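Being a predicted model, the structure only gives us computed values, none of them experimental.
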Amino acid sequence: MCRVYRRHYQFREHTHPTHSRSYHRCPNPSIPTGARKKAAVSGATARQRKKQVSLLRATSPTPTKSPHQHQHHNTTHKAAGKRLRGQNRGRRSKEIHGYIATTTGHDTTTTLDPTTNSIPSPTTRWSRRSKQRHNTKTFRSWQRSLRRQSEGETSTHINSLHRTETLITLAHQQRYKLRLNTHRTPFQNAANNVANTPASQFYSRSRLAFHDLTDGKIVPPLAKSVLGLGFKFIRTPPHTTGDISKNTARLERDFQRKVFFATPTTPETPTERHKLYVKSLWSPPLTEIPTWVDARLGRFFARAQALFQQRKATPNLLPFQESTLRQLRNDNNLLFPDTDKGLGPCAVTYDQYVADALVHLTDSTIFERLSTTEAWNTAKSVEDDIRKWLHSHKKAVDKDALLYIEDHISKNRQSPFGQFYILYKIHKPRTPHGFPTRPVCSDVSSLPHALGKWVDIQLQPIARAQPSYFQDSYSLKQLLSETDVPPNALLFTADAKSMYTNIRTGPAITHISNLIRHEAGRSFHHYDTQALTDALQIIFNNNILKFGDTYWKQVSGTGMGIAPAPPWATIYYAIHENRVLPRWSSNVLFYRRFIDDVIGIWLCDPCSERNNTLWASFQHDMQQWYGMEWEFSPLSRTCNYMDLTLTITGRSIHSTLFEKPQNLYLYLPPHSSHPKGPLQSLIFGNILRIHRLCSTQHEIQKHTHAFHHRLTDRGYHASVITPIFNKATKNAIAYTSRTAAEQAARQQMLTSKTDKTVFFHLQFHPQDPTARDLQQAWQQTVATPPNDVPLSNLKNIDGINVPIQSLTIAYSRPTNLRNQFSIRNIENRGRAVSTYLN
């Protein structure tokens, strides 16, 4: 209600307490209006009359009063009421130039002013009709003024309400991404927002995104609600775990082995298992196992099985996301490969992907196309060669490796080929034909894969022994921190252009085989020369790949994705480096290489012209190795190398993290079907990496805050991750303060604890019983059952204490989005690849 109306209604209530429907037309208290006014005023108290007069004077225009009227203002209205009642009984009004003074009861006569021809005040006499007209006119004028004032205030109030409503709506849309309708109830607004909000807004405040590389951006907009979750995201399986008989059988077998092979004393140095081995399904004879093992494990298995009940699970994707996921998987026109350097998923058309892949495969200097018959015949020949190698070198190869290679051949005989796919280098400049790609030859399913892993184990020590080798970014930082940098020093980097495909197979096998023979028995004693050189021939001459419905054989170069490819490439170019670098020792202060990336410190000559000549000659010498091409960066005091930004400061080099601008930082969302362990590992690992690679405290704090902000953007609450950040920071400080010997001792202690642990292998489901429930069941039934002997005091049949101290729940994961969008096999996705070649 506006201010003027409210004041008017208050006047009516105070003036007419007993006749609330009466209406006083004239707001002027000096001109009474009748018997109702008389009754209302005479019945009111003195205080009420005083308030009425003050209120009416403030809210209504008061006619000009004569001095005589002001003198007798307090005269009662009783006489005035009688006179007016008499006038209303039929007496006609008098002339306008005279009237009877109503305030005194005496007649006063006046005349018109001859100059103005008007009634002079205060002696002018008014007729009853004139006073009624004057009162009506005054009231209507006051009413119009009141109406205009009321309409103005009402309009202002409505505009203010509209403006406030608009501001509130915009604020909620900008801050909470909610659409509000103020004319609806809160429940209606909530229901409307839930129905129209993508699931990404519930689980994450971040900008869910991916790299759309299609021409015309034809990927559906809702695709980002699925691809923006990241390829590591796991959908919740539709049903919880029910039957765990296979899991309990594996635990029972492992437990029995621990009891059977218990020794009186635990060795100080734990036995290192060979990296190549086949999982054994052997179980000890039941006669060699104490009866308490079956009794305790039986109680635990019964308790655990009672906890696992299969039921329909609550999904972690909304229905529209499930629909979008099905639509993308069934769309044969779209593929979703990874980007190089882990910069997030991308989207390309099927035709575009096949055309980009055939750019590499149709290069006749590197690949040769095989028919289906030729491919299978070649695969059969490769299998025969591997079996001959196993027979010839069975004394030089350990038994576990022989069994591993034979087992792999048996399992992959039905599909003996590697898979070819490409990664998009979106961090490189785009060409007219699109982004450049990196060819990958995945040989996991190929026949030579197991033999390649054995070769990788043999080549790794040789690669680590090369002068230019370093293990990781932290090792490089340590090497640079020990270098005294003179004032004339500048940094440079070099990147090999398609290094793997430019490694010529014939010269590489020749040079590396000569190095192996030369160093055998001198620097290295872990390999048999003939066995290793024969294996190199089989691996790098028989890379057979399948792409769609086509088959290819690599005739030159090294396939990225083959197990021994990294040490192979490291050793191959190190042979040339060891010949060239000694000639440049006066100019190259520091030189290191990580496969195909070089970092160095160049000492500039005082003469700029001579320095340019020397720099060009050094680059030329680096290129002189069987067509290997290197792209050098300009000499500078700062450079970006791998994941570091290096800067010369004084006589030292400072480092900080380098992050590519194309990175989407698609960390694992909190609603992914993962246990809690990966989040803690992610935070601990990244905080340790920040502390190890950043030189200053300012850089450490900057990157820690940025990492914290990115996790909150992915949907993690600050109250959840901040305590983990605090623990991770303390752990990083303690880790970096330890010496190498202390770290090795700590690692050995953790390994020894693992030897006293049994593992309960389960596939993780977020709605299954928690690990805490299983640990509690283990403690109550196996480890420390009530009123029974603890597990640590029990012995096997030989009287030896059981070396089992704890149970670890080892979770495996269901398929993630990368598995569901896999591009390894595109044979049934669209048009046959062979039709693009005809």
Side-chain angles (χ1 to χ4, degrees), residues 173-178 196-235 316-318 320-329 331 333-349 352-353 356 422-430 434-438 643 657-674 678-679 682 686 703 705-717 721 816-823:
Q173 289 181 1
Q174 294 176 0
R175 184 171 183 180
Y176 303 107
K177 309 301 181 184
L178 298 177
N196 294 283
T197 301
S200 59
Q201 299 298 326
F202 294 109
Y203 302 125
S204 170
R205 294 177 295 159
S206 65
R207 177 178 58 89
L208 298 180
F210 64 99
H211 303 285
D212 189 355
L213 306 184
T214 60
D215 295 333
K217 310 298 182 184
I218 64 173
V219 182
L222 286 179
K224 67 179 181 180
S225 65
V226 175
L227 299 177
L229 298 173
F231 275 167
K232 292 184 179 180
F233 180 86
I234 296 179
R235 297 172 59 233
N316 59 348
L317 293 178
L318 291 181
F320 90 95
Q321 285 181 301
E322 295 280 1
S323 175
T324 303
L325 178 59
R326 289 192 298 269
Q327 177 185 353
L328 295 178
R329 292 182 60 190
D331 191 343
N333 188 41
L334 291 176
L335 293 177
F336 304 96
D338 270 315
T339 55
D340 195 25
K341 309 298 183 183
L343 300 180
C346 67
V348 295
T349 62
Q352 177 183 356
Y353 181 81
D356 292 338
I422 57 177
L423 302 176
Y424 282 85
K425 299 181 179 182
I426 62 172
H427 60 285
K428 299 288 186 179
R430 186 165 189 169
F435 285 101
T437 57
R438 182 187 298 276
D643 59 343
L657 294 184
F658 170 66
E659 297 168 331
K660 290 181 172 59
Q662 297 87 357
N663 199 338
L664 298 179
Y665 301 105
L666 298 181
Y667 296 115
L668 198 66
H671 63 290
S672 177
S673 185
H674 276 82
L679 173 62
L682 172 67
N686 273 276
H703 288 287
H705 291 163
F707 178 48
H708 188 280
H709 178 70
R710 289 163 187 158
L711 284 182
T712 55
D713 278 350
R714 291 297 284 171
Y716 292 98
H717 293 283
I721 63 175
N816 55 22
L817 292 185
R818 176 176 283 107
N819 302 133
Q820 299 191 33
F821 288 115
S822 176
I823 57 171

Could you tell me whether a side-chain N or O of [X] sits under 3.5 Å from a main-chain N or O of [Y], the two making a donor and an acceptor?
X	Y	result
Thr712	His709	yes
Gln820	Arg329	no
Arg714	Leu229	yes
Asn316	Ile234	yes
Asp331	Gln327	no

Non-hydrogen atoms of [X] and [Y] that approach each other most closely:
X	Y	result
Leu664	Ala209	CD1-O, 3.6 Å
Ile823	Tyr353	CD1-OH, 3.3 Å
Leu666	Gly228	CD2-O, 3.5 Å
Pro436	Pro429	CD-O, 3.6 Å
Ala347	Val219	CB-CG2, 3.6 Å
Phe435	Lys425	CD2-O, 3.7 Å

Using salt bridge (charged side-chain N to carboxylate O under 4.0 Å, His left out) as the criterion, list what pairs up with [X], not counting sequence neighbours.
X	answer
Asp340	Arg438
Asp338	Arg818
Lys428	Asp495

| query | Where do Thr339 and Gln662 land on the side chain to side chain contact (heavy atoms under 4.5 Å, CB included) test, with the steps shown first? | reply | CA-CA 10 Å; Thr339 55; Gln662 297 87 357; over 6 Å; no
| task | I would like to know whether Phe707 and Leu682 meet side chain to side chain contact (heavy atoms under 4.5 Å, CB included); could you show each step before the answer? | result | CA-CA 11 Å; Phe707 178 48; Leu682 172 67; 4.2 Å; yes
| task | Report yes or no: is the cationic atom of Arg710 (NZ for Lys, CZ for Arg) under 6.0 Å from the centre of the six-membered ring of Tyr665, at an angle within 45° of the ring normal? | result |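 That pair qualifies as a cation-pi contact.
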| request: Mind checking side-chain contact (heavy atoms from CB on, under 4.5 Å) for Asp356 and listing every partner two or more places apart, or none if nothing turns up? | output: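 side-chain contact (heavy atoms from CB on, under 4.5 Å) check on Asp356 returns Gln352, Ile422, Tyr424, Thr437.
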| field | Of Leu334, Thr324, Val226, the residue whose pairing with Pro220 passes side chain to side chain contact (heavy atoms under 4.5 Å, CB included) | value |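 In the set Leu334, Thr324, Val226, the residue that makes a side chain to side chain contact (heavy atoms under 4.5 Å, CB included) with Pro220 is Leu334.
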| query | Residues two or more places apart in sequence or in another chain: which of them pass ring-ring contact (aromatic ring centres under 6.0 Å, His included) with Phe210? | reply |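 Phe210: no ring-ring contact (aromatic ring centres under 6.0 Å, His included) contacts found.
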| Residues that Phe336 engages under ring-ring contact (aromatic ring centres under 6.0 Å, His included), provided they are two or more places apart |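 Partners of Phe336 by the ring-ring contact (aromatic ring centres under 6.0 Å, His included) criterion, ordered by chain and then number, come out as Phe821.
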What distance separates [X] [atom1] from [Y] [atom2], expressed to the nearest 0.5 Å?
X	Y	atom1	atom2	result
His674	Lys232	NE2	NZ	8.0 Å
Ser672	Leu679	OG	CG	11.5 Å
Asn816	Ser822	CG	OG	10.0 Å
Lys341	Ile426	NZ	CD1	12.0 Å
Leu325	Phe233	CG	CZ	9.5 Å
Leu668	Leu711	CG	CG	10.0 Å

